[in-house]
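Right, one structure below, let's go through it.
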Amino acid sequence: MSKKPFYITTTLPYVNSDPHVGFAMEIIRADVIARHRALTGHEVFFNTGTDEHGVKIYQKAFGEGENTQKFVDRYVEKFKNLKDILGLSQDIHFIRTTDPHHISAAQEFWRRCDKAGYIYKKNYKTKYCTGCELEKTDTELENGRCIIHPTLDLLIIEEENYFFRFSLFGKRLLDLYEKTPDFVVPNSRLNEIRAFVERGLEDFSISRLASKMPWGIAVPNDADHVMYVWFDALVNYISTLGWPNDTANFEKFWANGTPVQYCGKDNLRQQAAMWQAMLMAVGLPNSRHVVIDGFITGEGGLKMSKTLGNTVEPIDVVKEYDTDALRYFVCRELSPFEDGAFSLEKFKEAYNANLANGLGNLASRTLKMVADNTVTIDWKSVEDISNAVYSSALESFNIKAACDEIWKLIQQTDKLIQDGQPFKVVKTDPEKGKEMIQALGKNLYIIARMLEPVLPSTAETIKKLIKEGKTPESPLFMRK
RNA sequence: CGCGGGGUAGAGCAACGGUAGCUCGUCAGGCUCAUAACCUGAAGAUUGCCGGUUCGAUUCCGGCCCCCGCAACCA
């Protein structure tokens, strides 16, 4: 039986700082979807990587007196380490925008865009603060002045940039949203991007002067310019597949697959509009789904910030609680599409209630009865998951709803034990008692099967214990 | 009239035109297989404010107040 191709990617985090919990959430969720697809007969191509060009990285490396390439090489390792820290799929693809293949792919993409007539040159005005010696964007200004140097006037600098004719794609983008209403998930974000496109699009700049900022991919046939990092970075979604050279993988996973892109809500425009217009410009098929995550906020729903001291480092959480606990929190305790608050207090509460007391305790009590009464669990009979709510939730990227379904079964099984009291029955009517325990064991196996995409290592442990008829040597999740 | 999200029990969330549910916490009872875990029950909400539509609105419409994020060349 040939497997259906399935492609999923995260955005590429920018490597100017350590991986933060928001990206951890994004990639864990993408991993859950990827694992679910792999478990349901798909051949999965799961992409992530690092975005390594641009002025911020150039400046930061410069500021630290380090060679830019060495600087990014060093940071990339931190992102590659996420694979183990977060328990990601072993076969995840990791692309760097400094990979030679990606560089040539981005240049080819540019050429095709240019050839199709969607790139042109024009003057571009920037605001420059002589205090910071930096160009400023409007968001970095207050009352038309630099926040750090409010007494200085800003210099207006004019330079030539290449622009992408984004303005020509409004109609086609709206058609795309119209034709595929689940193109952007959730629906509220589709409305948002539609409203944005309806308001009218402006062409955007896609290059920078190499004399000012050399850390970028060279623009074909113009040594004076490098690509603006957005243009370069977005191409990774297809360069990772080998495009334009390896068309086999591209055809299979992108053109004939259903490419899914996960991203944070700050990336809505880039992923759901700009990138889609770029694809249209070169005549390539659009993505199939763009799934938008909310932000993780700190205590009290406030933006996480170092000064407020409400930041949470994923690696610290994993050190104290383990990978699956973090995966659990991200998948079930945070809203699947809206902002959600992450505090250690909340984390501990959820951990104790649902992993230690809920899942872990149920596994302990069930497995104890199974082992003490030497009951053999007919796990093969429940190998297939036939829970429609669970499956359709995962297919529509509502991981939380899928998890709720698992915890519903955990609760039901706890109640089954309480109501039926098999531990008592087995003493007076062994046959009937064992039958009841057999049913509990099957339930636990179903729970483990459903947990596989979400808590892969815990699921594996439980399945193994059931098959061997053993009890856990130590609690699956120690109470904290 | 820039855009979007939100205001529901002590806290965090869910739901929906027709008795407002869940988790944590609190109180009472039960069970003992289990990680002082598990099960049951109780207390606790005039669903931000005002008006409208309706037999009936928390849910639809209008207005107002408050909170948060974004406002594209910030990668």
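Residue numbering restarts at 1 for every chain, and letters A, B, ... go by the order of the sequence lines.
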Legend entry - Out of B:U32, B:U35, B:A34, whichever nucleotide has its closest atom nearest the side chain of A:Lys424: B:U32

Inset, instruction - Among B:A34, B:A72, B:G2, find the nucleotide with the atom closest to the side chain of A:Arg199. - result: B:G2

Legend entry - Atom-pair distance (NZ on A:Lys346; C1' on B:A11), nearest Å: 10 Å

Inset, instruction - Rounded to the nearest angstrom, tell me the gap between atom NZ in A:Lys265 and atom C1' in B:A72. - result: 16 Å

Inset, instruction - For A:Gln270, report the nucleic acid contact type (base, sugar-phosphate, nothing); a contact means any heavy atom under 4.0 Å. - result: nothing

I'd like the [atom1] distance from [M] over to [N], given in whole Å.
N     : M     : atom1 : result
B:A9  : B:U26 : C1'   : 12 Å
B:C33 : B:G18 : P     : 46 Å
B:C22 : B:A15 : C1'   : 10 Å
B:U58 : B:G52 : P     : 13 Å
B:U59 : B:U47 : P     : 9 Å
B:G63 : B:U53 : C1'   : 15 Å
B:G10 : B:C16 : C1'   : 25 Å
B:C64 : B:U40 : C1'   : 46 Å

Report each atom pair, protein N/O against N/O of nucleotides 36-40 of chain B, whose distance is under 3.5 angstrom.
{"unit_1": "B:A37", "atom_1": "OP1", "unit_2": "A:Arg479", "atom_2": "NH2", "d": "3.2"}
{"unit_1": "B:A37", "atom_1": "O5'", "unit_2": "A:Arg479", "atom_2": "NH1", "d": "3.4"}
{"unit_1": "B:A37", "atom_1": "O2'", "unit_2": "A:Asn361", "atom_2": "OD1", "d": "3.1"}
{"unit_1": "B:A37", "atom_1": "O2'", "unit_2": "A:Asn361", "atom_2": "ND2", "d": "2.6"}
{"unit_1": "B:C38", "atom_1": "O2'", "unit_2": "A:Arg365", "atom_2": "NH1", "d": "3.0"}
{"unit_1": "B:C38", "atom_1": "O2", "unit_2": "A:Gln418", "atom_2": "OE1", "d": "3.4"}

Inset, instruction - Using a cut-off of strictly less than 4.0 Å, decide whether A:Arg332 has a side-chain nitrogen or oxygen near OP1 or OP2 of B:C13. - result: no

Inset, instruction - With sequence neighbours excluded, tell me which residues meet ring pair (Phe, Tyr, Trp, His ring centres under 6.0 Å) with A:His289. - result: A:Phe397

